[in-house]
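A quick write-up on the structure given underneath.
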Amino acid sequence: SNYWKKEIHSFSWLRHLKARSGSLARKHARFLIIEWLQLYSKWNEKTWEIETLSRRLSSWITNIDFLLAEKDEKLLELLKKNIFKQIKHLRLHANKNYFSSLDTEYTLEISSIKKIKILRGLLLYNICFEEEGKRYIKYIKMLALEVLLTFNSEGLHFSKSPSTQLSILADLVTIREALISKQLKVPDFLSIIIKKSAHSLRFFRTSNGCFAIFNGSKQETKFLIDKILSIADGKSRARGPSSLFESGFEKLNSSDLTVFVDTFKYNNKSSSYAPHAIEVNVGKNRMLGSCGTTFEKDKKWKTSLFSAAAHSALIIENSNPFYLKDKDQKINCRRYKKNGGEVLQSVHYGYKNRYSAICSRTIELGNNGKDFAVLDQIYSEKLLNFAIRLHFNPDIKISLSRDKKKSMLILNEQGWSFYFDGKALLTLEPSIFVTDTGKVVDTNQIVLRGETIKENTEILWGFNKET
């Protein structure tokens, strides 16, 4: 695929050879670089594409001690000559106009990653070969502006995708470590955003160490997340916040049960249309949530995966909230304790102009980790069709009762029952889950369908752990 071709030419895999260390791994790495230089040292549209080139430069520069541990002067001269040739090309094309074109061509999560990786390549060259100078100041200012425009006050990236933020955090940490190694001052904005970003990312960590899936994020691996957070602030497994109120996320915990909620603070840079979407984890197992990652998916796929229907949420008239006339509608959220448990009440007006509807979702989590209840309410005088969708993880077995009033689930050899109360039809339907590699896996969803019958339509539903 195009993705893997870019990965090969970016040399990002050099870190894996370095991790193995030893003379044999070093010899193999040097052989592959020399072979690449023989084949691609001259400009080529694909192998010298700006982001791929900048990633290659970063990889060669950050691994140069490993490559030259045996003091190969011939390789050093060859590398320096080609690095200089590539940096000239990068400097010529990586300007404000090019960055603007990335914003136009790609969604925020992709354009932001590309821009940070390009700036990382430019800055690493300056730090390692030229130190502080006019170009260094220019690129640091560009980096500071990008951070200012794409991160909020809580340190959350505007894409609201944990895996996107993790990738950017790793690049920011690499720049900081290069500055420290050369005994140069780390700019205050860089230290602050690394600290804030690492802290906000911990919100999304599940009990198995991976990420909850929001806004097309990948789950990532515990090993990778631990490694990046550890280098960022030395606290790989520190406890994260239970609320990112300004960013629009809340997390309810009780014993083995964790419920992540997107309370939805809309911004014109986010791609998802799923207010009140939830992800539920039981121990180290994911029960339900969205339909997975948008990794390496085309525009059509992304549109589908970012839609409200691809999340565990309430949808009116099979349409996205906060769309067209409703883009700038308001939301409300409050959280409080009740009988030893926690309650989160969220309200959104994302259907107000089009359907005269206000949606409320109240989630109550008991203190024993064995049950939680959700009350979905629609305030509208119009006759509207609604659907409450719950997309389950592929490894969960589900069956409906004969009267279709409840459902039984088997999760990691534990039984859970789903129940509901209100005027709605319960169905079990096919769904999909997209894994971190982009593989599409078949799974199931429970759907509660109905019509608004009066000014306030209420559907109460929830899960109980069988004992």
Between [X] and [Y], do the side chains contain an N or O donor and an N or O acceptor separated by less than 3.5 Å?
| X | Y | answer |
| --- | --- | --- |
| Thr258 | Asn253 | yes |
| Ser10 | Glu51 | no |
| Ser112 | His157 | yes |
| Glu250 | Ser243 | yes |
| Asn152 | Ser247 | yes |
| Ser12 | Glu7 | yes |
| Glu317 | Ser319 | no |

[Y] backbone acceptor or donor facing [X] side chain under 3.5 Å:
| X | Y | answer |
| --- | --- | --- |
| Glu154 | Glu246 | yes |
| Trp60 | Ile83 | no |
| Lys196 | Leu156 | no |
| Thr206 | Ala212 | no |
| Tyr273 | Phe306 | no |
| Ser312 | Ser290 | no |
| Ser59 | Arg55 | no |
| His391 | Ala309 | yes |
| Trp13 | Ile8 | yes |

Measure across [X] and [Y] and return the closest heavy-atom pair with its distance rounded to 0.1 Å.
| X | Y | value |
| --- | --- | --- |
| Lys185 | Leu179 | O-CD1, 4.2 Å |
| Ser163 | Glu220 | CB-OE2, 3.4 Å |
| Ile87 | Gly121 | CD1-O, 4.3 Å |
| Tyr136 | Ile127 | CE1-CG1, 4.0 Å |
| Ile213 | Ser217 | CG2-O, 3.3 Å |
| Asp233 | Ala198 | OD2-CB, 3.6 Å |

More than 12 heavy atoms of other residues, nucleotides or ligands under 6.0 Å from [atom1] of [X]: yes or no?
| X | atom1 | result |
| --- | --- | --- |
| Gln183 | CD | no |
| Asn318 | CG | no |
| His28 | NE2 | no |
| Phe223 | CZ | no |
| Phe189 | CZ | yes |
| Glu177 | CD | yes |
| Lys439 | NZ | no |
| Phe84 | CZ | no |

Less than 6.0 angstrom from the centroid, inside 45 degrees of the normal: does [X] satisfy that with respect to the ring of [Y]?
| X | Y | answer |
| --- | --- | --- |
| Lys330 | Tyr349 | yes |
| Lys114 | Tyr106 | yes |
| Lys218 | Phe211 | no |

Any non-hydrogen side-chain atom of [X] less than 4.5 Å from a side-chain atom of [Y]?
| X | Y | answer |
| --- | --- | --- |
| Arg30 | Glu35 | no |
| Ile363 | Leu252 | yes |
| Phe151 | Phe158 | no |
| Lys141 | Ile137 | yes |
| Arg334 | Tyr336 | yes |
| Pro187 | Ile140 | yes |
| Ile432 | Val441 | no |
| Thr294 | Val434 | no |

Flag the pair Arg286 and Asp395 as a salt bridge only when some basic side-chain nitrogen lies within less than 4.0 angstrom of an acidic carboxylate oxygen.
no
With a 4.0 Å cut-off on N to O distance, would you call Asp171 and Arg120 a salt bridge?
yes
Only counting residues at least two apart or in another chain, list the ones meeting ring pair (Phe, Tyr, Trp, His ring centres under 6.0 Å) with Phe204.
Phe249
Take the angle between the ring planes of His348 and Tyr351 and call it parallel below 30°, perpendicular above 60°, tilted in between.
tilted
Hey, what's the ring geometry for Trp43 with His89, parallel, tilted or perpendicular (30° and 60° as the breaks)?
tilted
Sequence-distant partners of His9, side chain to side chain contact (heavy atoms under 4.5 Å, CB included), two or more places apart
Trp36, Tyr40, Thr47, Thr52, Arg56
Determine, using ring centers only, whether Phe214 and His311 are less than 6.0 Å apart.
no
By the salt bridge (Lys or Arg N to Asp or Glu O under 4.0 Å) test, which pairs, at least two apart or in different chains, include something from residues 345-363?
Asp326-Arg354, Arg361-Asp376
